[in-house]
Amino acid sequence: MTTNNIIATCSVDIFDFHGGIHPEEHKTDSNQDPIRILGLPPKLILPLKQHIGAASKLHVEVGQKVLKGQKIADADGPFSVALHAPTSGEIVAVDEQLIAHPSGLTDHCISLIPDGEDKWCVLHPCEEYRQLSASAIQVEVSDAGIAGMGGAGFPTAIK
């Protein structure tokens, strides 16, 4: 009986929280308008390191025209993944840029100016993936640039 009383008392002390901040939710700011297609931005900054591990190795050069889905950087080791162009356009710079990261630091990035066509490259899907070995599937997944969306961004091929 004494043990139960101690547990009950501790539960109240641990989970009891008075006060806190309760800002207005402003849900109507986003749920009253229809969903719209967002156009292409005038410039895309693509970090070469979008995952844990080594930054991807540059596969393009400044001035090169690229197509949507085209590989623009190769994986550099098992904890790295390939990077693909999110739209068609021209590579205008490869340099240090401010990245979307809590550190507020810069990193090595590719700058892409969209051409507005959003034209795809020729895709080569793996039709017979069930016939591939585990290691061949890992190569395909790494080349596809698939990484986790968690905090570390683990490449899916190593999972």
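Reckoned from all heavy atoms, side chains included, excluding hydrogens, waters and symmetry mates.
- For the pair Thr106 (side chain) and Glu96 (backbone), a donor-acceptor distance under 3.5 Å is absent.
- Within the structure, side chain to side chain donor-acceptor pair (under 3.5 Å) contacts touching residues 119-131 (residues at least two apart or in different chains) do not occur.
- Across Asp76 and Ala54, no two heavy atoms sit closer than the pair O-CB, 3.4 Å.
- Summarising the geometry of Val94 relative to His108, their closest heavy-atom pair is CG1-NE2, 3.5 Å, with the distance given to 0.1 Å.
- Of all heavy-atom pairs between Val60 and Lys71, the closest is CG1-O, 4.3 Å.
- When every heavy atom of Gln50 is checked against every heavy atom of Leu83, the shortest pair comes out as NE2-CD1, 3.4 Å.
- Across every non-hydrogen atom of Lys65 and Gln70, the tightest pair is O-OE1, 4.3 Å.
- Remark: Glu25 CD is loosely packed, at most 12 non-hydrogen atoms of other residues, nucleotides or ligands lying under 6.0 Å away.
- Nearest heavy-atom pair across Asp95 and Ser111 is OD1-OG, 4.3 Å.
- Here the CG-NZ distance, from Leu48 to Lys57, works out to 12.0 Å after rounding to the nearest 0.5 Å.
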### Message
I'd like to know whether Asp118 forms a salt bridge (Lys or Arg N to Asp or Glu O under 4.0 Å) with Lys68, so could you lay out the CA-CA distance, the side-chain angles of the two residues, the decisive distance to 0.1 Å, and finally the verdict.
### Response
CA-CA 6 Å; Asp118 207 30; Lys68 182 176 185 173; 3.1 Å; yes
Could you pull out every donor-acceptor pair under 3.5 Å between side chains of residues 135-157 and any protein atom, sequence neighbours left out?
| from | atom 1 | to | atom 2 | distance (Å) |
| --- | --- | --- | --- | --- |
| Ser135 | OG | Ser133 | OG | 3.2 |
| Gln138 | NE2 | Ala157 | O | 2.9 |
| Thr156 | OG1 | Ile146 | O | 3.4 |

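- Taking CD of Glu24 as the start and CG of Asp29 as the end, the distance is 9.5 Å to the nearest 0.5 Å.
- Remark: Pro86 pairs with Leu44, Leu46, Leu112 by the side-chain contact (heavy atoms from CB on, under 4.5 Å) rule, at least two apart or across chains.
- Under the 4.5 Å side-chain contact rule for hydrophobic residues, Ile113 and Ile110 do not share a cluster.
- Between the side chain of Ser56 and the main chain of Val81, a donor-acceptor pair closer than 3.5 Å is present.
- In terms of hydrophobic clustering, with Ile, Leu, Val, Met, Phe, Trp and Tyr side chains grouped at heavy-atom distances under 4.5 Å, Leu58 and Val62 are assigned to a common cluster.
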